[in-house]
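Along the sequence shown, residues are numbered consecutively beginning with 1.
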Amino acid sequence: MDTQSFLFSVFCFLFYFLSGEPQVVEGTRLSWTSSPFGFKPKMLFAFGDSYADTGNTKIAVTRSWHFPYGITFPGKPSGRFSDGFVSTDFVAGYLGMKTPIPYRWRKELSGRVKYGLNFAYGGTGVFDTLVAEPNMTTQIDFLQQLINDSVYTKRVLRTSVALVSLAGNDYSYYLETNGSATAFPGFIQSVVNQLMVNMKRIHDLGVRKIGVMSLISLGCTPQNTAGSSFQRCNETENDLVMLHNNLLLQAVNTLNQQTNSTLFFIIDLHNAFSTVFNGTETHQGSPTFENPFEPCCFGVTEGFFCGSVEENGGKKYTLCSNPKTKLFWDGNHPTSEGWRAIYSTPAFQNTLKQFID
């Protein structure tokens, strides 16, 4: 079945897709952020994928450790899937703390562990994917082991919060392994169910509050608009992404009912992204992006990606002159300026407040 037919079939059945040794770059507190609240978290833990990863994924399995990633910050590749900052940096800045260091650097920078850790690995999901890195269950196992080793105690963890990112890698894997259209809605439910289990487990380990990001309009990512020369979104995908987000809302409501609390909440990445993408709302410092469909860095032809090079070193990607003019960095990830714009929207800011209510 070709891609167009598959998408149509899934639409009719409810849903398609969301569709040298590197040196760690220590987290930085973003200078334009502040923490205007009562409860002040002392630790931030991040779980998930490339929207949150700040350097865990190994150089052998990712392009994020290769030029031109990191050209805006820190000026060289840092393992972030962007030209600069990613969501974790902005959430940490909002909370008034430095970005938590990647889990893989916990021994080299042991003095920073007391401020939290980033367990996210690019390309992963709640289940195993094509990327041979720890899925979310294993990431939580890492935190469990640190508790077992007395690195953290439940008392200390009461001052912590968690950022959870699930950007769609499970759904990509489902499609790439020939998952059927008819079984797709059930698979989405299983993904959200597992995400719900994971969030509850993070809470049971002692983390005080857990914020999970909703899915963006994946039909508008460059990967999915390249076929139209970056001119239009795939509205079928965008309509169907709502199934995941609606199920996620139900899951969060269930968790809060089970715990008789409001400790679980959704960070409204979906509406924040839509606001920036569509330019429907202005706010202080909001940028204007050139053609929001078109990325700054992209492969020259199908089969090549941002950072792709030939054996002789010849680059097989195009790079814009100024990443600040672009919403997207590569086929799936926002630029640092794109993340800043998303972070600055009322939709994102209002949901972040739940970390400290």
Side-chain angles (χ1 to χ4, degrees), residues 18 41 43-54 56-57 86-88 91 100 102-104 116-148 151-152 154 157-158 160-174 186-216 241 243-270 351 354-355:
L18 295 171
M43 291 187 292
L44 171 64
F45 296 104
F47 301 88
D49 47 39
S50 56
Y51 274 22
D53 187 2
T54 55
N56 275 317
T57 308
V86 295
S87 66
T88 309
V91 172
Y103 170 76
R104 66 179 294 198
L117 282 170
N118 188 332
F119 297 99
Y121 284 77
T124 65
V126 295
F127 302 126
D128 288 340
T129 64
L130 292 175
V131 175
E133 294 283 18
N135 64 27
M136 196 179 295
T137 297
T138 305
Q139 294 172 27
I140 300 169
D141 288 342
F142 293 155
L143 176 58
Q144 175 74 72
Q145 186 60 53
L146 291 172
I147 295 171
N148 294 344
V151 175
Y152 297 117
K154 282 203 171 185
L157 290 176
R158 291 191 193 119
S160 71
V161 294
L163 169 68
V164 177
S165 171
L166 190 142
N169 294 313
D170 292 287
Y171 303 133
S172 297
Y173 180 71
Y174 181 86
F187 179 69
I188 296 165
Q189 183 69 70
S190 69
V191 168
V192 174
N193 287 347
Q194 184 60 47
L195 185 56
M196 181 178 172
V197 169
N198 291 346
M199 294 173 67
K200 179 63 162 54
R201 186 177 169 211
I202 293 169
H203 172 260
D204 289 345
L205 287 176
V207 177
R208 178 166 173 170
K209 287 198 171 188
I210 298 96
V212 57
M213 293 193 290
S214 57
L215 286 176
I216 69 169
V241 158
L243 175 59
H244 171 96
N245 286 339
N246 288 337
L247 291 174
L248 181 61
L249 178 60
Q250 294 174 25
V252 167
N253 288 338
T254 298
L255 285 171
N256 283 328
Q257 290 169 5
Q258 291 176 349
T259 57
N260 191 28
S261 70
T262 57
L263 300 176
F264 304 90
F265 63 94
I266 292 175
I267 299 173
D268 195 0
L269 181 59
H270 182 270
T351 48
Q354 295 175 79
F355 270 130

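Between Ala52 and Ser87, the shortest heavy-atom contact is CA-OG, 3.9 Å. Closest approach of Phe355 to Gly211, counting heavy atoms only: CE2-N, 3.9 Å. Taking both residues in full, the closest heavy atoms of His270 and Ile216 are given as CD2-C, 3.9 Å, listed atom of the first, atom of the second, then distance. Across all non-hydrogen atoms, the minimal contact from Met136 to Ser165 is CE-O, 3.8 Å. Residues Asp170 and Gly125 share a closest heavy-atom pair of OD2-CA, 3.2 Å.
Val212 places a side-chain heavy atom less than 4.5 Å from the side chain of Leu248. Side-chain contact between Thr88 and Asp53 is absent, with no heavy atoms from C-beta onward closer than 4.5 Å. In this structure, the side chains of Phe45 and Ser160 come closer than 4.5 Å at one or more pairs of heavy atoms. In this structure, the side chains of Val164 and Met213 stay at 4.5 Å or more apart for every pair of heavy atoms. Between Thr137 and Gln194, the closest side-chain pair of non-hydrogen atoms falls below 4.5 Å. Leu249 has its side chain within reach of Ile266: a pair of non-hydrogen atoms, C-beta onward, lies under 4.5 Å apart. Side-chain contact between Ile188 and Tyr171: present, with at least one pair of heavy atoms (C-beta onward) separated by less than 4.5 Å. The side-chain heavy atoms of Leu166 and His244, taken from C-beta on, include a pair separated by under 4.5 Å.
With Ile202 as the fixed residue, the side-chain contact (heavy atoms from CB on, under 4.5 Å) test singles out one of Phe119, Phe47, Phe264: Phe47. Exactly one of Phe187, Tyr173, Tyr174 qualifies for a side-chain contact (heavy atoms from CB on, under 4.5 Å) with Phe127. That residue is Phe187.
Sorted by first and then second residue, the side chain to side chain donor-acceptor pair (under 3.5 Å) pairs involving residues 204-213 (not counting sequence neighbours) are Lys200-Asp204. Within the structure, every pair that satisfies the salt bridge (charged side-chain N to carboxylate O under 4.0 Å, His left out) test and touches residues 120-137, not counting sequence neighbours, is listed here: Lys58-Glu133.
If you take CG on Asp49 and OG1 on Thr124, they are separated by 5.5 Å, rounding to the nearest 0.5 Å. A distance of 10.5 Å separates CG of Leu263 from CE of Met199, quoted to the nearest 0.5 Å. Considering CG of Leu255 and OG1 of Thr262, their distance stands at 12.5 Å, rounded to 0.5 Å. One finds the CG atom of Leu44 at 6.5 Å from the CG atom of Leu163 (value rounded to the nearest 0.5 Å).
With no hydrogens or angles considered, no side-chain donor-acceptor pair links Asn169 and Thr129 at under 3.5 Å. With 3.5 Å as the limit, one finds no donor-acceptor pair spanning the side chains of Asn253 and Gln257.
For Asn260, the CG atom counts as loosely surrounded, since its 6.0 Å shell holds 12 or fewer non-hydrogen atoms of other residues, nucleotides or ligands.
The side-chain hydrogen bond (donor to acceptor under 3.5 Å, both in side chains) test applied to Asn193 returns Gln189, not counting sequence neighbours. Among residues two or more places apart in sequence or in another chain, the side-chain hydrogen bond (donor to acceptor under 3.5 Å, both in side chains) test is passed with Asn56 by none. Taking Ser50 as the reference, His333 meet the side-chain hydrogen bond (donor to acceptor under 3.5 Å, both in side chains) condition, with sequence neighbours excluded. Every residue two or more places apart in sequence or in another chain that forms a salt bridge (Lys or Arg N to Asp or Glu O under 4.0 Å) with Asp141 is listed here: Arg201.
Between Tyr121 and Tyr103, the ring center distance fails the sub-6.0 Å criterion.
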Please walk me through it: do Arg158 and Met43 pass side-chain contact (heavy atoms from CB on, under 4.5 Å)?
CA-CA 9 Å; Arg158 291 191 193 119; Met43 291 187 292; over 6 Å; no
Ile210/Phe265 under side-chain contact (heavy atoms from CB on, under 4.5 Å): CA gap, chis, key distance, verdict:
CA-CA 7 Å; Ile210 298 96; Phe265 63 94; over 6 Å; no
Decide side chain to side chain donor-acceptor pair (under 3.5 Å) for Asn118 and Thr54; before the verdict, give the C-alpha distance in whole Å, the side-chain angles of both, and the deciding distance to 0.1 Å.
CA-CA 7 Å; Asn118 188 332; Thr54 55; 3.1 Å; yes
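At least one donor-acceptor pair under 3.5 Å links the side chain of Gln139 to the backbone N or O of Gly48. Listed for the Ser214 side chain is no donor-acceptor partner under 3.5 Å among the backbone atoms of Asp268.
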